[in-house]
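Encoded as structure tokens, the structure appears first; notes follow it.
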Amino acid sequence: MHVNKTKNNKAAAVIDIGSSLVKMRVCQCKEDQIATLDELECPIRIGHEVFHFGAVSPDCLNDLVRILRGFQKVMREYDVKDYKAVATTALREAKNKSFIIDQIRVQTHMEVEIFEDNQEKTLIYSAVIHALRNEMQSAATLISHIGTGSVGFGIFDGQNLCFSQNVSIGALKLHDVLGSVQEHTTDFSSVVEEYLNALLGRITLPVAHKSIDTIAVTGAEIETIARLCNAPLEQEVYRIKPESITNLFKSIRALSPEKISSRHRISEAQAEMLYSALAIYVRLSKMTQAKRILAPRIDLWDPLCQQMLLPDTKKEYLDAVENHAVACAKTFAERYHCGLEHAQAVSQYACGIFDCLKDLHGLNQRHRMILRLAAMLHDCGYFVDAKYHLESTFGLIQNIDICGVTYEEMLMTAYVARFNELETPNYDDLDFIHIREEQKVICSKLAAIFRVANSLDKSQKQKVQTFEVRLAEEALWITIQSGEKFCLEQWAFELCCPFFKDVFGLAPCLTVKNNLL
Amino acid sequence: MEKAKFPYINRELSWIDFNARVLEEAYEKENPLMERFRFLGISASNLDEFFMVRVAGVRAQVHSKYHHPDASGMTPSQLFPILKDKIHDFMNRQYTCLYRSILPALQKENIAFLTPNEMSREQKRFIKQYFNEVLFPVLTPLAVDTSRPFPLLANKSLNIAVRLGDEKGESCFAVVQVPSILSRFLELPAPVEGGKAFVLLEDIIIDQIAQLFELHEIKACTLFRLTRNSDIDIDEEAEDLLVEMVKSIKKRKRGRPVRVEILQKSDRETRNFLSDMLKIKEDEIYEVPGPIDLTLFSKFANLPDFSHLCFQPIVPVYPPADFVSYPSPFDAIRAKDRLLHHPYESFKCVVDFVRAAADDPDVLAIKQTLYRVSGNSPIVAALIKAAENGKQVTVLVELKARFDEENNIIWAKKLEQAGCHVIYGLTGLKTHCKILLVVRREEDGIRRYVHMGTGNYNDSTAKIYTDVSMFTCKEPYGMDASSLFNVLTGYSRPPEYYKFVVAPHGMRHFFTHMIKQEIQNAQQGLPCGIVVKVNSLVDPKLIALLYKASQAGVPIQLIIRGICCLTPGIPGVSDKITVHSIVGQLLEHSRIFRFENAGNPKVYMGSADWMPRNLDRRVELVFPIEEPDLKQRAFEMLDLMLRDTVNTRVLQEDTTYVPISKRGKTAVDVHEAFAKMAQQEADRLTDEDWSTGFHPRQKPDLDIS
């Protein structure tokens, strides 16, 4: 009998165009679990080409198109209609990435999304936190993903990721970048270690290194490393002793890839990657005094497959990511000596206004998150310069790595946070040209809300005891109760009203109820 | 000769010993007469292939001055003369068998092959008429002189060299090819005294040859046959492998002659002429008493009138017991893994499965490897239908399957025309694995059905080759099957398989590991043992390891039909090893591997023999049998094979093969016994089972082959 095809049997595919591999995973949902139907991987030289020459060659493009056509055929065999094709570091860094994406679209009709470093790492970190949630509650954990083209790491404080940082050096890239040095020295390992020290040694973690007791790692080489360290695999998690990674690195650091290859029965290409990856792992483990290294078998496609086949998980993911992002922002706010109470107060008012205007602003949850981030970070510019603090705030936020936030979202956050009661967004502002047309309006809406919220704590004394907001009679009514004089705030509020009215077409009205009266 | 590092029988010499076992079946008086003819014919066609590939290969090594010794310590130039002597001796035995053993028995049945001299007037008239009406129009005499070079004669074609006298009294030559499109033998009008009489086609032509050369005096007629080097050497990097293969097949037809068979006491001048023209050395000329080309007797044995002189046919049970009470093959496989033992259980079951997949609206894709396909393959027809029904059909047709290249090119083109995605195999590797994957959408998601076997997807050979195959829809097998096809299609690189053992990437390591494990178990006093059934055991590294295992006390029972380069029974070296060879009514073809594994025995099956080519240069698949009842069945198969007394010969320390002593033992014929078991399984089913069975086209007691 012909079965009901729509019931629970949808297959989906994720394609990951990496630096050295193009991979595809076809999966389906069985009993609310993601089950893999097929996994394919083909070697590709995108990473070598981009890291050496900056661009993808026509030959490599042809290989990529051929591989993708093969993958499309396999997708047809499983009747896959939903797919997500993503590219990571190598293609992201290619000068000709737009042409490559265009040619892929023309030749295969496939849409490829180039993931930002942050998007990629956030997906992986979230999957790691989900997989190890029972093991990472008591102390801080350093979570790291060592890709072929970049390294990302973050600190999980037991509840949220409170810090994340990406460094543009992965296992393959490290090998390729320093490749030419090998001709000039027999002590290549020292050069690698110095280079990594220079890159990673000056990164300050937000927690004391002693308080980190676990490192959770993912990455292409970790399976090989776990195997060579004889690490046990328990419930899809390798448990590796930090000293065994250090010892493994010591045992191979002076060896050529040929020797590593023959000693450990792996290919030379694997040996080269193994060396670079181990150097990075060892450097990372020096940043902590972790007693254990956990390596869950997680890949980028795990969370992507999950989100495609179990849509409910996407909402959970976005909520969790927002919390991580705000936690990271808080870490940065502390680093730049921002007043946290003030930031939290502004965040509360801004979110209150945002939620009240839900039917008018047409914005989504991610925009609300931008508002929260702007509230958290808007004073960081004072750390650099009191006179030009708004410009400094803009510059700093623009270049901060916040877990789960895209570059464009950070740019929008920077725009929103750089306006106080005296300044309003101006489309002629040169900095605005970086933003797409539709984002300019969104930035204006968010800035309008942010300025009003910020004005309510102008004195940074958190005078507001109760805060209410409602829409009525074509106005936004904000009612606050305070036991202190509210003159400064009212002055600032009045300055913010015209722009708010311009943007939303309704005036904000402030009612202050004094506790003393 | 260099001293070998360990006892190793040269591969080519061992092969001749195997063919001698086939020939022994022709001598065997207990075999039905026509089967003895058939065995004689098989031994001859085996020898033809041996010449075309192996002898040609050794000869090429000698000519290219390749002096590297094989594992037996023998260089090609040392081997070549020994080989030729052994072949000459073997061919003598073939004719001795024919004249001393088979033809007298044929005479007792009142059947005779007559030459024109022995014919009655009526019979003579008959052959003259046949010549004039049938043969004359198709014969093309080709004269050879200064303006007409010696013709390119087809491989394995039978020819008559005719020495003619011209007006000046000098010799000139012509060649007449005995037409291969006509039957080699012809039934004559029945003799007056009763019985049956036959004549060979070449005898008719020679008798009437004057009609072809009316202006010349015929001085001598010499019958000869040419065997050419037929190993194909192709450029696998070529843009289009199919086109390259077509070119190479054409080239093969012009391969260098490696053997000329000629009748004894042939005309000396013609012999010299042929030797010059064909550029062949004296020792490559094989003089035989005739008839030349004994393969004719395989066809002769097939004559319908002689069925009473043949083996009682083994009737494949259809559908096999395991499949009877299920509405579709998918239901049967979903219930549990299924094992089929061919030909005792019909191969039609596999064909049915492909047909069902082709018609099933929920099947999304079918993927299959094809190595050797029958002439009118129902499997290919089903795949074509599947493609027409909109399924994604991927077929790997191995174009390099020796002597099936032309057939496979035809199939490849047909499948491509029907819209199948056809792959011609991997560069540098022959794809020899036998696997079929069906991807089906079911209520609880996508499920994969996998069929894996030890034999080709060939419905013709499946009637005479013994093979085992398994159906499963267990996820790890499905995942592995998808991965393997992704490698074969070039969409992915080799992964770590869950269940499969795949050559060339991991099979050698796997078998090495398993044998070493048995050695370790023996050393620790744990249960240990190895039973391996393959067609050939040639790989020196595995042989050396088996010797080590024997020395460690691991009992090793080998069932090797063909070439076996290992010597068993050498005290202190291989005294724990026995080697059985089963040659009988059916061609033993299954490959089964059992390892005792410290009391938790494991059994594997697959496409690979233990030869370097299988382990290193082919894509082969070996898979585990894990369901307890199927495992048990596999063990019982091996046990029964080892208990055979009728078809088995045992390899001795002195490298000779001797029959099993039947004294005091109940005779066990493994082929009969398996057929009986399959039938009994089907008979055990109730009528109710039959009523729900899928496609019960015939009852098992009817011949559906």
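Side chains included, hydrogens not; waters and symmetry mates left out as well; all remaining heavy atoms used. Reminder, nothing fancy here: chain letters follow the sequence lines and each chain counts from 1.
Of residues 487-494 of chain B, those residues with a non-hydrogen atom less than 4.5 Å from any non-hydrogen atom of chain A are, in numerical order, B:Gly490, B:Tyr491, B:Ser492, B:Arg493.
A:Arg25 and A:Asp299 are not joined by a salt bridge, as no carboxylate oxygen comes within less than 4.0 angstrom of a charged side-chain nitrogen. Checked for salt-bridge contact, A:Arg297 and A:Glu223 meet the test: a charged N lies under 4.0 Å from a carboxylate O. Looking at B:Arg618 and B:Glu398, no side-chain N of the basic residue comes within less than 4.0 Å of a carboxylate O on the acidic one, giving no salt bridge.
For A:Arg66, the part lying near chain B is the side chain, with the backbone staying farther off; criterion is any non-hydrogen pair under 4.5 Å. Only the side chain of B:Lys367 comes within contact range of chain A, with at least one heavy atom under 4.5 Å from a heavy atom of that chain.
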Show your reasoning for whether side chain to side chain contact (heavy atoms under 4.5 Å, CB included) applies to A:Tyr78 and A:Gln28.
CA-CA 10 Å; A:Tyr78 293 105; A:Gln28 66 178 348; over 6 Å; no

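The side-chain contact (heavy atoms from CB on, under 4.5 Å) test with B:Met470 singles out one residue from B:Asp337, B:Ile333, B:Val450, and that residue is B:Asp337.
In terms of heavy-atom pairs under 4.5 angstrom with chain B, the leader among A:Glu41, A:Lys73, A:Arg76 is A:Glu41.
Taking the ring centroids of B:Phe623 and B:Tyr477, they lie at or beyond the 6.0 Å cut-off.
Residues B:Thr394 and A:Glu77 have side chains that bring a donor and an acceptor to within less than 3.5 angstrom of each other.
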